[in-house]
Chemist: 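Starting off with a structure, shown below.
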Amino acid sequence: MRHGATVWNGEGRWQGWTDTPLGEVGEAQARRLAARLAGRDPGRVYASDLQRALATARLALPGAAITADPRLRELHFGRYEGATSEQVLHDPDYLAWQRDPWRLPAPGGGESLEAVGERMRAWAEGLPGGTVTAFTHGAALRALLCALFGWPATPQPGYVLPFPYLHAHTGITRLERRGGQWTLLSYNDHAHLEE
């Protein structure tokens with residue numbers, strides 16, 4: 001699951017490794033997710049060590065033992081952390097980065113999507129069998145899916161952000177691994193947020 005919304009999300013600011021807390025909207029989203037998950041066995045529960053993901057996990061699965069794992073962190077956006085999308089789009093290095101965000105790190109000490117995908121894949125491949133519930137971030141989840149399934153990570157026409165942000169806050173993506181093969185069962189299911 002992606003974490004709930006933060007104030008920075010509402011302002012269109014890029015967070016990355018900046019440790020922003022959940023906002024009121026994000027807390028409400030996590031409570032709606034909790035109602036949806038009630039009565040289900042979450043198995044082992046993991047979360048990014050950033051507070052917005054940990055808080056979402058605690059609200060969505062109250063009382064669950066949660067393992068914080070930095071491999072589930074968001075992409076580090078380098079000098080774009082804290083900047084708005086409008087500011088990023090006017091940066092002279094932005095377009096150069098966007099030519100290949102899979103291999104090129106974000107300007108100013110950031111990560112590439114490939115690096116994020118590989119740390120996310122290492123986490124996923126190292127999991128024991130059984131059910132796992134994880135709380136992570138939009139770009140990190142997208143990078144994992146690109147790494148597992150070979151999806152293209154380069155920008156597609158019409159996208160403003162550095163890669164498709166197709167994950168709603170608290171959206172559920174379900175994966176299954178059998179015999180070393182991954183299957184995508186559902187993608188960005190956020191029915192719990194609909195009125």
Side-chain angles (χ1 to χ4, degrees), residues 1-23 25-26 29 46-56 68-125 134-171 173 175 182 184 187-188 190:
M1 268 120 350
R2 185 183 180 197
H3 63 82
T6 68
V7 171
W8 274 23
N9 287 128
E11 295 173 351
R13 293 190 181 280
W14 293 23
Q15 296 170 104
W17 286 17
T18 304
D19 202 8
T20 52
L22 279 183
V25 170
Q29 291 167 333
Y46 296 86
S48 158
D49 62 340
L50 297 174
Q51 63 178 316
R52 58 193 184 268
L54 279 168
T56 302
D69 193 318
R71 293 177 294 177
L72 296 173
R73 277 187 177 198
E74 180 61 292
L75 180 142
H76 190 299
F77 285 111
R79 72 168 176 253
Y80 299 146
E81 300 222 354
T84 65
S85 293
E86 183 177 342
Q87 291 168 327
V88 171
L89 289 171
H90 288 95
D91 183 87
D93 295 328
Y94 174 76
L95 289 178
W97 175 43
Q98 287 307 283
R99 288 191 186 99
D100 190 0
W102 183 251
R103 287 186 290 181
L104 296 175
E111 289 181 289
S112 67
L113 281 172
E114 182 177 34
V116 178
E118 287 308 310
R119 70 172 151 82
M120 291 286 289
R121 185 204 304 247
W123 169 80
E125 297 285 356
F135 295 82
T136 186
H137 307 266
L141 184 52
R142 180 68 181 174
L144 172 64
L145 296 174
C146 289
L148 291 178
F149 300 115
W151 292 1
T154 54
Q156 304 299 312
Y159 287 117
V160 175
L161 293 177
F163 31 82
Y165 261 93
L166 300 177
H167 302 283
H169 289 102
T170 69
T173 296
L175 297 161
W182 290 92
L184 180 64
Y187 183 79
N188 190 34
H190 55 282

Chemist: Might you point out which heavy atoms bring Pro70 and Arg119 nearest each other, and give the distance in Å?
Modeler: O-NH1, 3.9 Å

Chemist: Any donor and acceptor pair, going by atom type alone, linking the side chain of Asn9 with main-chain N or O of Thr6 inside 3.5 Å?
Modeler: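 Yes; judged by distance alone, with no hydrogens or angles, the pair exists.
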
Chemist: Atom CG of Leu145 and atom CG of Asn188: how far apart are they, to the nearest 0.5 Å?
Modeler: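 Between atom CG of Leu145 and atom CG of Asn188 there are 10.5 Å.
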
Chemist: To the nearest 0.5 angstrom, please state how far the CE atom of Met120 sits from the CZ atom of Arg73.
Modeler: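 Going from CE on Met120 over to CZ on Arg73, the span is 13.0 Å.
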
Chemist: Would you check if the side chain of Arg99 reaches a backbone N or O of Leu104 as a donor-acceptor pair within less than 3.5 Å?
Modeler: no

Chemist: Might you point out which heavy atoms bring Pro105 and Gly110 nearest each other, and give the distance in Å?
Modeler: CB-O, 3.3 Å

Chemist: Determine yes or no for a side-chain-to-main-chain donor-acceptor pair under 3.5 angstrom, with Gln51 supplying the side chain and Leu22 the backbone.
Modeler: no

Chemist: Please report the shortest heavy-atom distance between Thr84 and Arg13, naming the atom on each side.
Modeler: CG2-NH1, 3.7 Å

Chemist: Which atom names give the shortest non-hydrogen contact between Trp14 and Tyr94, and what distance separates them?
Modeler: CH2-CE1, 4.1 Å

Chemist: Go through the steps to decide whether His190 and Thr170 satisfy the test side chain to side chain contact (heavy atoms under 4.5 Å, CB included), and finish with yes or no.
Modeler: CA-CA 7 Å; His190 55 282; Thr170 69; 5.6 Å; no

Chemist: Mark yes or no for whether Arg2, through its side chain, and Gly171, through its backbone, hold a donor-acceptor pair below 3.5 Å.
Modeler: no

Chemist: Under 6.0 Å between the ring centres of Phe77 and Trp8?
Modeler: no

Chemist: Roughly how far, to the nearest 0.5 Å, is the CG atom of Leu113 from the CG atom of Leu144?
Modeler: 12.0 Å

Chemist: Using the rule given for side chain to side chain contact (heavy atoms under 4.5 Å, CB included), can you reason through His169 versus His3, listing the C-alpha separation, both sets of side-chain angles and the distance that settles it, and then say yes or no?
Modeler: CA-CA 6 Å; His169 289 102; His3 63 82; 3.9 Å; yes

Chemist: Could you measure the distance from the CH2 atom of Trp17 to the CD atom of Glu111? Nearest 0.5 Å is fine.
Modeler: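 One gets 5.0 Å once the value is rounded to the nearest 0.5 Å.
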
Chemist: Could you check Arg52 against Thr18 for side chain to side chain contact (heavy atoms under 4.5 Å, CB included), going step by step and ending with a plain yes or no?
Modeler: CA-CA 10 Å; Arg52 58 193 184 268; Thr18 304; 5.6 Å; no

Chemist: Can you tell me how far CG of Asp49 sits from CG of Leu72, rounded to the nearest 0.5 angstrom?
Modeler: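 Going from the CG atom of Leu72 to the CG atom of Asp49 covers 8.5 Å.
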
Chemist: If you define the side chain from C-beta out and look only at heavy atoms, does anything of Pro107 sit under 4.5 Å from Arg79?
Modeler: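 Yes. Closest side-chain heavy atoms under 4.5 Å.
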
Chemist: Out of curiosity, Leu89 CG to Tyr80 OH, how far, rounded to the nearest 0.5 Å?
Modeler: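 Leu89 CG to Tyr80 OH: 9.0 Å, rounded to 0.5 Å.
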
Chemist: One pair to check against side chain to side chain donor-acceptor pair (under 3.5 Å): Ser48 and His137. What are the steps and the verdict?
Modeler: CA-CA 8 Å; Ser48 158; His137 307 266; 2.8 Å; yes

Chemist: Assess the residue pair Leu184 and Leu175 against the criterion (side chain to side chain contact (heavy atoms under 4.5 Å, CB included)); give the C-alpha distance rounded to whole Å, side-chain angles, the decisive distance to 0.1 Å, and a yes or no.
Modeler: CA-CA 5 Å; Leu184 180 64; Leu175 297 161; 3.6 Å; yes

Chemist: What is the minimum heavy-atom distance between Trp102 and Ala147, and which atoms define it?
Modeler: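 Closest heavy-atom pair between Trp102 and Ala147: CH2-N, 3.9 Å.
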
